[in-house]
S.K.: 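Provided herewith is a single structure, encoded as structure tokens, for subsequent inquiry.
The residues of the chain are indexed from 1 along the displayed sequence. If you're wondering where the values come from, they're calculated on a predicted model, not measured in any experiment.
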Amino acid sequence: MKDISESQARLKGIFNITVTPFTASGEFDFAGLSRNIERVISLGYDGILIGGTYGEFPAMTADERATLFRYVMEVVGNRVPVMLCSAGSDARVVRDLTQLAGDLGGLPMVTPPFVSEVTDAQIISFFKQMAPLSPTGILVYNAPGIGITLPPVVLEQLADIEGVVGIKQGDLNPTAIDQIANRLGGRLRLFCASDLAFLGPMMCGFDGISTTNSGALPEIILATYRALENGDANTARELHRLWYPYRALARRYGQPQLVKAAMNLRGFDGHHVRAPLIDLEPDVIGLVEQELQRLAADPRSGVTLK
């Protein structure tokens, strides 16, 4: 993407949150990453997100993140839009990565700086400093997992900043979703940040979702989204129900650990998580395998096993 107008036009649909495949020694497996990217693009995903929370960016150095950005943009080119997570607690690192992401043609995804006792006014000032750095604009990521949840009243103020093209909303409280959809819909792009519960936000008028579990279950999640997009809420609901037991495992054992384990079982390049995360134990992997077998036995899922 070359500018804010193009970002606004293309920022919609279903985006795969691409996990970062690490070797057992903690190195990037770039070849595996390329295969994972090509898989979802070939299936028809509208975009990808690189180096996000479930891409394990907090376990990477700034140089590693920059290397990851450059590599992915070389692989993807302009085929689909790419969100590049430039979040961090050090504003200097965020500034450098945000500028790099935009210069590469990606869309920087920025969280509030996760430092203690930061105020709303300081958060707004921070985004005002970051937005002009990227020629493609920035995506505000409202990520409760970092310890800061932006209420709708603050998101409205961020929506007024020139260069903010969208919000990736991780707080899925129904009241917050209702307020955001009705106050900000049409002003900028709205993304649901979780595939575990995306039917509600999409029905409220959100423009798209980002999905981690599509690394492991790309077929059924894509089919669910497309059904909803086409107005077939009944099919979307039934398909979403179909993989609920998998979601229950994900909530219990954590992402991206479970996603990577499921990918490995399917012959994909999930590989390993990086410390401080720990790969799943064999007994838990057995539970994941049982769930994949159940899904593979149902032709509606589209899931196959190696």
Side-chain angles (χ1 to χ4, degrees), residues 14-22 36 39-40 43 45 48-59 85 141-146 168-173 177 191-202 208-225 228 236-298 300-305:
I14 180 168
F15 279 53
N16 168 252
I17 301 176
T18 308
V19 299
T20 309
F22 295 113
N36 292 335
R39 178 181 308 109
V40 294
L43 285 171
Y45 276 73
I48 62 173
L49 190 164
I50 295 295
T53 306
Y54 293 142
E56 300 176 73
F57 83 82
C85 179
Y141 182 16
N142 188 13
I146 68 171
K168 183 166 174 273
Q169 176 67 5
D171 175 14
L172 300 185
N173 177 285
I177 292 296
F191 264 71
C192 174
S194 174
D195 53 18
L196 301 183
F198 70 86
L199 300 186
M202 290 305 301
I209 70 168
S210 58
T211 157
T212 307
N213 293 289
S214 59
L217 304 176
E219 306 92 347
I220 188 171
I221 296 176
L222 179 62
T224 304
Y225 183 85
L228 197 60
R237 182 180 63 249
E238 291 307 310
L239 288 174
H240 198 59
R241 283 178 172 173
L242 187 60
W243 65 285
Y244 173 77
Y246 173 100
R247 296 198 299 279
L249 290 174
R251 290 185 172 108
R252 180 175 181 181
Y253 295 106
Q255 301 170 93
Q257 302 96 308
L258 190 126
V259 173
K260 288 189 171 184
M263 290 175 70
N264 293 336
L265 288 167
R266 293 199 64 188
F268 302 163
D269 296 277
H271 298 334
H272 302 273
V273 293
R274 190 183 258 186
L277 298 180
I278 299 173
D279 292 330
L280 298 184
E281 296 293 332
D283 60 331
V284 179
I285 293 175
L287 296 176
V288 178
E289 186 171 21
Q290 290 176 20
E291 175 55 18
L292 290 177
Q293 290 172 345
R294 184 190 70 83
L295 286 170
D298 191 321
R300 294 176 297 169
S301 74
V303 173
T304 58
L305 298 179

S.K.: Minimum heavy-atom separation for V19 to M263, with atom names?
M.R.: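 Scanning both residues completely, I find the closest heavy atoms to be CG2-SD, 3.7 Å.
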S.K.: Could you measure the distance from the CD atom of Q255 to the CZ atom of R247? Nearest 0.5 Å is fine.
M.R.: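 Spacing of CD (Q255) from CZ (R247) equals 11.0 Å.
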S.K.: Looking at every non-hydrogen atom in both residues, tell me the closest pair between G215 and N16 and how far apart they are.
M.R.: N-ND2, 3.5 Å
S.K.: What residues form a salt bridge (Lys or Arg N to Asp or Glu O under 4.0 Å) with E281, not counting sequence neighbours?
M.R.: none
S.K.: Suppose we screen for ring pair (Phe, Tyr, Trp, His ring centres under 6.0 Å). Which residues come up paired with Y225, at least two apart in sequence or across chains?
M.R.: none
S.K.: Are the side chains of P201 and Q169 in contact, using a 4.5 Å heavy-atom criterion?
M.R.: no
S.K.: On a heavy-atom basis, which atom in F268 and which in A216 lie closest, and how many Å separate them?
M.R.: CE1-O, 4.0 Å
S.K.: Looking only at heavy atoms, which two atoms of A197 and C192 are closest? And how far apart?
M.R.: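 Looking at all heavy atoms of both residues, the closest pair is O-SG, 4.1 Å.
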S.K.: For the CG atom on L305, are there more than 12 heavy atoms of other groups (residues, nucleotides or ligands in this structure) within a distance under 6.0 Å?
M.R.: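 Buried by this count: over 12 neighbours within 6.0 Å.
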S.K.: Closest approach of R266 and L217, non-hydrogen atoms and distance?
M.R.: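 Distance-wise, the nearest heavy atoms are NH1-CA, 4.1 Å.
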S.K.: Tell me whether the rings of W243 and Y246 are parallel (<30°), tilted (30 to 60°) or perpendicular (>60°).
M.R.: tilted
S.K.: Restricting to salt bridge (Lys or Arg N to Asp or Glu O under 4.0 Å), what partner residues turn up for D269, sequence neighbours left out?
M.R.: R35
S.K.: Mind listing the side-chain donor-acceptor pairs of residues 49-56 below 3.5 Å, one per line with the distance, residues two or more places apart or on another chain?
M.R.:
| from | atom 1 | to | atom 2 | distance (Å) |
| --- | --- | --- | --- | --- |
| E56 | OE1 | R274 | N | 2.9 |
| E56 | OE2 | K260 | NZ | 2.7 |

S.K.: side-chain contact (heavy atoms from CB on, under 4.5 Å) with E289: which residues, sequence neighbours excluded?
M.R.: L265, Q293
S.K.: Can you tell me how far OG of S301 sits from CD1 of I220, rounded to the nearest 0.5 angstrom?
M.R.: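 These two atoms lie 5.5 Å from each other.
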S.K.: The criterion is side-chain hydrogen bond (donor to acceptor under 3.5 Å, both in side chains); which residues satisfy it with T20, sequence neighbours excluded?
M.R.: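 For T20, no residue satisfies side-chain hydrogen bond (donor to acceptor under 3.5 Å, both in side chains) once neighbours in sequence are set aside.
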S.K.: Distance under 6.0 Å and angle within 45° of the ring axis: does K168 meet both against F191?
M.R.: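 No, cation not above the ring by the 6.0 Å, 45° rule.
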S.K.: Under the side chain to side chain contact (heavy atoms under 4.5 Å, CB included) rule, what do R294 and L242 come out as? Steps first, then yes or no, please.
M.R.: CA-CA 10 Å; R294 184 190 70 83; L242 187 60; 4.1 Å; yes
S.K.: Would you check, one step at a time, whether the test side chain to side chain contact (heavy atoms under 4.5 Å, CB included) holds for E219 with V303?
M.R.: CA-CA 7 Å; E219 306 92 347; V303 173; 4.1 Å; yes
S.K.: Identify the residue among L43, N36, N213, I14 that makes a side chain to side chain contact (heavy atoms under 4.5 Å, CB included) with P218.
M.R.: L43
S.K.: Kindly say whether T212 contributes a backbone atom to a donor-acceptor pair with the side chain of D195 at under 3.5 angstrom?
M.R.: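 Answer holds: yes.
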S.K.: Hey, could you give me the CD1/CG distance between I177 and D171, rounded to the nearest 0.5 Å?
M.R.: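 Output value for this atom pair is 7.0 Å.
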S.K.: Please walk me through it: do T224 and M202 pass side chain to side chain contact (heavy atoms under 4.5 Å, CB included)?
M.R.: CA-CA 11 Å; T224 304; M202 290 305 301; over 6 Å; no
S.K.: Which atom names give the shortest non-hydrogen contact between I209 and F198, and what distance separates them?
M.R.: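 It is CG2-CB, 3.7 Å.
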S.K.: Quick check: does any side chain N or O of D279 sit under 3.5 Å from a backbone N or O of H272, one acting as donor and the other as acceptor?
M.R.: no
S.K.: Given the rule in the side chain to side chain contact (heavy atoms under 4.5 Å, CB included) test, do Y45 and T211 qualify, once you have shown the distances and angles that lead to the verdict?
M.R.: CA-CA 10 Å; Y45 276 73; T211 157; 4.2 Å; yes
S.K.: Does H271 offer a backbone N or O that forms a donor-acceptor pair with the side chain of N264 under 3.5 Å?
M.R.: yes
S.K.: Atom CG in L249, atom CD in E291: separation rounded to 0.5 Å?
M.R.: 6.5 Å
S.K.: Hey, are the side chains of R237 and H240 touching, using non-hydrogen atoms and a 4.5 Å cut-off?
M.R.: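 No, their side chains stay 4.5 Å or more apart.
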